[in-house]
Amino acid sequence: LTSCYSEKLREMSVLSLLCSCLYSQPLPNTFDMEVKSLNKRASCQAFEVILKSPTEPSPERPQTLALPPQKKEPSLGELQRRLEAAEERRKSQEKQVLKQLAEKREREKEVLNKAQEVNNNYSKMTEEKLHHKMELNQENRMARLSALKQRLREKELHAAEVRKNKELHTDLSG
């Protein structure tokens, strides 16, 4: 069991994992490792892993960690070119924003014009309905008045006839 753990730890040693993070190419496992069993209980086992440094440095392994290359100072021409490019991007972005604002204003104008048109149409329709209603009321009023006058004439004719008949009847009886 100890040799099994020892081989697994050699395959996946912490140091090789750390080196794989620092270097893109994996380093060969050149470290000696000793595994000692500390406790053997029924519920668990404990091991101590001792890493020993190699006796001689490997030619494949770098001696020191390589520092990232230093950035060189950009030249005046490079800075000027970057500033001009940034200015162009800013102008382009400003044009884009102005274009979007103009489109938004145009859309708002269209919406306002359409709302005004709908409002005018509604007003015209309402006014037409009101005129039509007033004309109907006027016609109904005139019809009621003429009907009332007609009834009054009929009553007057009837009253005149009754008077005439009464006079005739009084003349005959008298």
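All values reported here derive from a predicted model rather than from experimental measurement.
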Apply salt bridge (charged side-chain N to carboxylate O under 4.0 Å, His left out) to the pair R163 and E167, showing each step before the final yes or no. CA-CA 6 Å; R163 279 188 220 117; E167 279 180 20; over 6 Å; no
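- If you take CG on L98 and CD on Q93, they are separated by 11.0 Å, rounding to the nearest 0.5 Å.
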Check residues 125-145 and write down every donor-acceptor pair under 3.5 Å in which the side-chain atom is one partner and the other belongs to a residue at least two apart or another chain.
{"from": "T126", "atom 1": "OG1", "to": "Y122", "atom 2": "O", "distance (Å)": "2.7"}
{"from": "N140", "atom 1": "ND2", "to": "L136", "atom 2": "O", "distance (Å)": "3.4"}

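- Atom CD of E154 has more than 12 neighbouring heavy atoms from other residues, nucleotides or ligands inside a 6.0 Å radius.
- At most 12 heavy atoms of other shown residues, nucleotides or ligands fall within 6.0 angstrom of atom CZ in R107.
- Within 6.0 Å of atom CD in E73, 12 or fewer heavy atoms from other residues, nucleotides or ligands are found, so the atom counts as exposed in its surroundings.
- Remark: K114 does not engage E110 in a salt bridge, criterion side-chain N to carboxylate O under 4.0 Å.
- In this structure, the separation between CD on E117 and CG on N113 is 8.5 Å, given to the nearest 0.5 Å.
- Separating the CD atom in E103 from the NZ atom in K99 is a distance of 5.5 Å, to the nearest 0.5 Å.
- To the nearest 0.5 angstrom, Q150 atom CD is 9.5 Å from L152 atom CG.
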For a side chain to side chain contact (heavy atoms under 4.5 Å, CB included) check, start with the C-alpha distance between E88 and E84, then their side-chain angles and the critical distance, and finish with the verdict. CA-CA 6 Å; E88 286 297 317; E84 289 172 0; 5.6 Å; no
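- For the atom pair CD (E156) and CD (E161), the distance works out to 13.5 Å, reported to the nearest 0.5 Å.
- Looking at residues two or more places apart in sequence or on another chain, you find a side-chain hydrogen bond (donor to acceptor under 3.5 Å, both in side chains) between E87 and R90.
- Once rounded to the nearest 0.5 Å, the distance linking CG of N119 with CG of N121 reads 9.0 Å.
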